[in-house]
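Quick caveat, the model's predicted, so the values are computed rather than measured. Note: hydrogens, waters and symmetry copies are ignored here, and every other heavy atom, side chains too, is used.
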Amino acid sequence: MHQLMCRNVNKPQTAVPMNEQIKDFILNFKTQEAFWALADGVMNDSEKQKYLLRFLSFKNNVALLIEDVEKIKTLADEGNPYMQYAYARYHEILMPEPESMDIIIDYCTKAIAGGVADAHMCIALGWRDGDFGEVDHTRYIDEYRKALEEGSRRAFYHHVSLLIYGEYDNKADPHKAYDEAECLLNLDTEMPDAMLYRLMGTASEKLGRKADAINCFELAVKWGDMHSIYEEATCAYVDDEGCVIDRQEFIQKLDEGREFGLTESYLLDLFLLDDDTYNALSEQGKATLPDALKDELQMAWLQGDNLAPYFLGQYHENGNYGFTQDHEEAFMWYSRGAILRSPLCYDALAKMILDNHSAPDGYDEAYGYECAYKALNLDNKDPDYIKNVYRGYQKGFLTHHAAMIESFYLPQYEKLTGELLADYDDFDVHEDDNHEYRCDGEQEQEMEEDMQRDKVVGGINPDFAWQTCTEC
């Protein structure tokens, strides 16, 4: 399998050495210039194909192409498989249209037919996370294996990520993850693959090798991975409890990323804010903080970040740090984070509906348990999420998810805790869930319509829908 993962994605007629101007665009985070320089002649140049696909593997790059999407779509509709994949990636990350999920499947299918193996991963991860209906592990593995067999570099990234974190019954092995990423990295003769350096950094961090991790993140940044500016900053200047230990250096590092449009740079105030910091502000500072913080977090959200809306929901739900307590506003921000596939936001929605009874009118128990189920889909290693879902299942909800709940999630709870949550020995594991089902029924549709009537921020429609996993 390792040999399969090390193959090139495509083998067209010509391979032109990397143009120095294109390299400059990539290494200096000139996102639009890099994209269009790589797109020019990509159909007949294997080097441009390779580097364009690497470029599209970075979520931040794709989010910054919002002004170019119509031109990308035009080229995609003219039959360019690399533009078909780029257009699918744009919808995978930002989901700007109600039909975005169908667009992903349509354009990825076309891109796959044109030889772009990375497109299999969009579909694979959609099935893994329940974006196309019920979670379907079989379809996920099938598409993932096809991507590996066809030499997808994005599939290899995913393979290394699974070794770092583990998945299902496969235990984490960050040593092996580091070694395999390094092995493939050593095959790059023209320009190193920045994503491999990032993954090696993450593996090193898991292994407690902090100096090695920082070095790998620095190399990832050097070779064009904007996100690793944030990874380097958190590794170097944030402790295990999530507290910033060197505020000046941390601020300086994220400010460097802000110049290029780094999404996480808009989270800086969030990372630095705590009770002591807030209490030390002047009265004028306290008065202006909510609007300033909301503006920053909103920018991160518009670029596809799902942590920002979670904290905006928290601030409004609890009325802290000068924010007015407003449960409707909190519910809206949790909903926006859920749309960007945050399990924390789905769980928060479920709690507002089921436990706190503070959700707006019209959201009933059925919808609350659907939110709990979606949180579990996105984070199946949290025993509390499984308990919440089982509570609803016992009450007669979620019956259309019966097969997954009884054949996968309940045994998963036992593996995680050593406790038996239910007697499921007699369950018919051959029973099929409704794979056409989507967690976007009438209430979800009403919520989306309400959001479409909301204001447009910065010229961008803020009504994003669920995205599939976008990196690794």
Considering residues, nucleotides and ligands other than [X], do more than 12 of their heavy atoms fall under 6.0 Å from its [atom1]?
X	atom1	result
Gln284	CD	no
Lys286	NZ	yes
Lys171	NZ	no

Check [Y] with [X], please: is the shortest side-chain N to carboxylate O separation under 4.0 Å?
X	Y	answer
Glu70	Lys73	no
Lys294	Glu329	yes
Glu296	Arg258	yes
Arg209	Asp212	yes
Lys30	Asp24	yes
Asp355	Arg391	yes
Arg198	Glu205	no

Verify whether one side chain among [X] and [Y] offers a donor that lies under 3.5 Å from an acceptor in the other.
X	Y	value
Gln314	Tyr334	yes
Gln298	Tyr266	no
Gln325	Asn318	no
Asp118	Ser152	yes
His400	Glu134	no

Got a sec, which residues hit ring-ring contact (aromatic ring centres under 6.0 Å, His included) with [X], two or more places apart in sequence or on another chain?
X	result
Tyr178	none
Tyr321	Tyr278, Tyr315
His175	none

Any idea which heavy atoms bring [X] and [Y] closest together, and the distance?
X	Y	value
Ala402	Tyr393	CB-OH, 3.5 Å
Ile405	Pro411	O-CD, 4.4 Å
Ala350	Gly368	CB-O, 3.5 Å
Cys108	Ala88	SG-CB, 3.6 Å
Ala308	Ala300	CB-CB, 4.0 Å
Leu262	His227	CD1-CA, 3.9 Å

Would you please indicate yes or no on a ring centroid separation below 6.0 angstrom for [Y] and [X]?
X	Y	answer
Tyr363	Phe331	yes
Tyr237	Phe250	no
Tyr107	His91	no

How many angstroms lie between [atom1] in [X] and [atom2] in [Y], if you round to the nearest 0.5 Å?
X	Y	atom1	atom2	answer
Leu219	Ile214	CG	CD1	12.0 Å
Leu410	Met404	CG	CE	10.5 Å
Phe35	Leu56	CZ	CG	6.0 Å
Lys253	Leu268	NZ	CG	13.5 Å
Asp188	Leu196	CG	CG	6.5 Å
Glu370	Asn377	CD	CG	9.5 Å

Subject >> Chi angles and distances behind the salt bridge (charged side-chain N to carboxylate O under 4.0 Å, His left out) call for Asp136, Arg139 >> reply: CA-CA 6 Å; Asp136 194 321; Arg139 294 189 188 187; 3.3 Å; yes

**OP:** Check step by step if ring pair (Phe, Tyr, Trp, His ring centres under 6.0 Å) holds for His401 and Tyr409.
**Re:** CA-CA 10 Å; His401 300 303; Tyr409 289 125; 9.1 Å; no

I'd like to know if the side chain of [X] reaches the main chain of [Y], judged simply by a donor and an acceptor atom lying under 3.5 Å from each other, with no hydrogens or angles considered.
X	Y	answer
Glu365	Gly392	no
Ser57	Arg54	yes
Asp347	Ala375	no
Lys176	Val160	no
Thr417	Tyr413	yes

[Y] and [X], any side-chain heavy atoms less than 4.5 Å apart:
X	Y	value
Met332	Asp326	no
Asp193	Leu184	no
Asp246	Gln248	yes
Pro96	Tyr90	yes
His137	Trp127	no
Glu264	Asn60	yes
Tyr197	Ser228	no
Arg128	Glu167	yes

Original post:
Cation over ring, Lys23 on Trp223, under 6.0 Å and within 45°?
Top reply: no

Original post:
Going through the distances and angles, do Trp301 and Asn306 end up as a side-chain hydrogen bond (donor to acceptor under 3.5 Å, both in side chains)?
Top reply: CA-CA 6 Å; Trp301 163 65; Asn306 63 24; over 6 Å; no

**OP:** Check Asn279, Asp275, Asp274 against Thr277 for a side-chain contact (heavy atoms from CB on, under 4.5 Å) and give me the one that passes.
**Re:** Asp274

Original post:
Can you name the one residue among Tyr230, Phe58, Phe29 that meets ring pair (Phe, Tyr, Trp, His ring centres under 6.0 Å) with Phe260?
Top reply: Phe29

**OP:** Could you walk me through whether Tyr310 and Arg336 pass side-chain hydrogen bond (donor to acceptor under 3.5 Å, both in side chains), step by step?
**Re:** CA-CA 8 Å; Tyr310 172 72; Arg336 287 173 169 176; over 6 Å; no

Subject >> Criterion salt bridge (charged side-chain N to carboxylate O under 4.0 Å, His left out) on Asp239 and Lys210, from CA distance to verdict >> reply: CA-CA 11 Å; Asp239 65 18; Lys210 188 171 184 177; over 6 Å; no

**OP:** On the 0 to 90° scale, with breaks at 30° and 60°, tag the Tyr144-Tyr140 ring pair as parallel, tilted or perpendicular.
**Re:** parallel

